[in-house]
Amino acid sequence: MHDFHYVGGRLHCERVAIESLVNKFGTPLYVYSQHTLTDHFQKLDIALAPLNHLVCFAVKANSNLAVIRTLANQGSGFDIVSEGELRRVIAAGGDPRKCVFAGVGKTEAEIEFALRQGIYSFNIESEPELARINRVAARLKKTAPIAVRVNPNIDAHTHAKITTGTYENKFGIAFEQIERVYARASRLKNLRLRGLQMHIGSQLTEVKPFEQAVKKILPLAAKLADKYDLEFFSVGGGLGIVYNPALDSGSPEWWQTPVAKKILTPATYAATLVPLLQPAGLRILIEPGRFIVGNAGILVTRVEFVKRTGRKNFVIVDAAMNDLIRPAFYDSYHEIVPLRRKGGAMTESDVVGPICESGDFFCKNRPLAKVGEGDHLALLSAGAYGFVMASNYNSRGLAAEVLVNGNRAASVRERQPLAEIWKSESVPAWLK
Ligand SMILES: *Cc1c(COP(=O)(O)O)cnc(C)c1O
């Protein structure tokens with residue numbers, strides 16, 4: 001569910017007409033709904049209420065300070081993967097003591113910073129990392145709270161680039177080695193064994209892989225908890241969202257299908273996992289990114305040209321793969337709708353950006369309402385892994401971002417001025 005809908009034929013976010021935002025902030029423009037963010041957070045939080053739990057929003061999905069603050073105000077913790085993300089959480093008013101630090105390549109400097117901030121746990125991805133964290137903690141005369149990420153070798157049945165829980169992936173430590181690794185970690189003086197963690201992949205649309213992984217790991221978690229007095233078990237993130245409601249509901253029009261049939265809801269997720277997790281008596285962490293923010297954001301773009309080649313109908317827009325790389329990177333689907341809904345026939349179209357790459361497209365051969373130069377389109381479900389993956393490729397400035405709350409809207413990131421793109425570059429003296 002989300003808060004983007006048509007009112008009188010004009011696309012709105014909550015009670016704000018998107019066109020009014022385009023007039024004020026220009027395009028390409030990311031628009032986020034605060035209500036969708038809090039609603040998704042609360043749905044998960046409530047579904048997990050029977051457990052002693054903490055929802056840790058995965059900052060990498062969308063790290064805008066306003067998004068972080070919205071969730072921090074809800075009591076959210078955060079799953080971070082770099083010092084930069086931890087600094088963002090702190091800058092946004094989040095609590096470092098509710099942060100878990102993931103990632104396979106934590107540097108000494110990052111470990112030191114996180115230790116000084118008193119984060120809740122380092123989620124360890126290898127044995128050398130264990131030794132490194134112990135060494136940094138010893139130097140600072142601190143004890144580092146840690147959890148080991150178990151790789152359960154379970155296929156999440158999702159896209160190859162977002163599968164993380166099999167032995168083909170670089171993440172975590174193999175299930176069979178975990179007991180030995182905890183025994184080793186327990187002998188390192190500056191570590192405190194605090195939990196156990198898993199994360200099998202992203203955009204999971206069924207509960208089955210979660211269930212399999214939890215069933216496989218939980219007995220191990222219970223055993224280790226007994227032996228080393230662990231406090232928590234993190235089940236990771238990965239809850240999928242609906243990108244293409246036509247696939248899920250049989251209807252081609254998302255605004256007519258507020259309830260898609262085939263979606264992994266927090267209720268379904270909790271109904272399966274809570275009864276499994278509850279008897280363990282551990283604190284349960286969950287690290288959702290996409291589920292909270294994916295449908296809470298759209299990318300608005302202006303139609304620059306319509307190019308008809310006889311064979312194809314190209315709608316050339318002012319957003320590009322540098323603004324939203326998901327279609328090029330993950331073959332992903334984004335629903336594309338006009339800001340002004342008109343009737344009339346659909347035309348099979350490719351929506352493409354101005355970048356000099358054939359991969360710079362948002363859809364191919366898709367029936368779209370007829371649009372012309374100066375019209376605007378919205379790419380839906382662009383809130384997760386959207387702006388955060390933006391780049392300056394083709395020396396294009398980063399898009400602006402806006403947060404809507406009811407009938408209010410505020411800029412939460414100004415459009416990047418072009419001169420900023422090269423301001424840290426220089427020309428060596430010998431060239432002058
Ligand atoms: C990316 C990631 C998440 C969030 O994944 P989503 O699919 O966005 O929910 C959670 N935990 C870890 C360790 C991750 O790497």
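One-based numbering along the sequence shown. Every number for a ligand or one of its atoms is a count from 1 in the order of the listing. The model shown is predicted, which means the values in this text are computed figures rather than measured ones.
- Partner Leu398 forms a side chain to side chain contact (heavy atoms under 4.5 Å, CB included) with one of Glu414, Arg413, Arg415 and no other, that one being Arg413.
- Taking a cut-off of under 4.0 Å to the non-hydrogen atoms of Ser202, the atoms of ligand 1 that pass are 6 (P), 7 (O), 8 (O).
- Separation of the Tyr330 and Tyr385 ring centroids does not fall under the 6.0 Å cut-off.
- Here's the thing with Gly236: none of its N/O atoms is less than 3.5 angstrom from an N/O atom of ligand 1.
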Taking only distance into account, with no hydrogens and no angle test, what donor-acceptor pairs under 3.5 Å do side-chain atoms of residues 66-75 form with protein atoms, sequence neighbours excluded?
{"unit_1": "Arg69", "atom_1": "NE", "unit_2": "Asn73", "atom_2": "OD1", "d": "3.0"}
{"unit_1": "Arg69", "atom_1": "NH1", "unit_2": "Ala92", "atom_2": "O", "d": "3.2"}
{"unit_1": "Thr70", "atom_1": "OG1", "unit_2": "Ala66", "atom_2": "O", "d": "2.7"}
{"unit_1": "Gln74", "atom_1": "OE1", "unit_2": "Gln42", "atom_2": "NE2", "d": "2.7"}

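- In terms of polar-atom proximity, Gly289 is counted as a contact of ligand 1, with an N or O under 3.5 Å from an N or O of the ligand.
- Residues Val315 and Val371 have side chains in contact (heavy-atom distance under 4.5 Å, counting atoms from C-beta outward).
- Counting protein heavy atoms only, atom 8 (O) of ligand 1 is closest to Tyr385 OH, 2.6 Å.
- The ring pair (Phe, Tyr, Trp, His ring centres under 6.0 Å) test applied to His334 returns Tyr243, not counting sequence neighbours.
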Chi angles and distances behind the side-chain hydrogen bond (donor to acceptor under 3.5 Å, both in side chains) call for Tyr120, Glu231: CA-CA 11 Å; Tyr120 182 67; Glu231 180 177 288; 2.5 Å; yes
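- Among Arg149, Arg290, Lys60, the residue whose heavy atom lies closest to atom 2 (C) of ligand 1 is Lys60.
- By the 4.0 Å heavy-atom criterion, Ala384 is excluded from the residues contacting ligand 1.
- With hydrogens left out, the protein atom closest to atom 13 (C) of ligand 1 is Glu287 OE1, 3.5 Å, a heavy atom.
- Under the 6.0 Å distance and 45° angle rule, Lys106 counts as a cation-pi partner of Phe101.
- Close contacts of ligand 1 with Ala58, meaning ligand atoms under 4.0 Å from a residue heavy atom, involve 3 (C), 4 (C).
- Listed by atom number, the atoms of ligand 1 under 4.0 Å from Pro288 heavy atoms are 9 (O).
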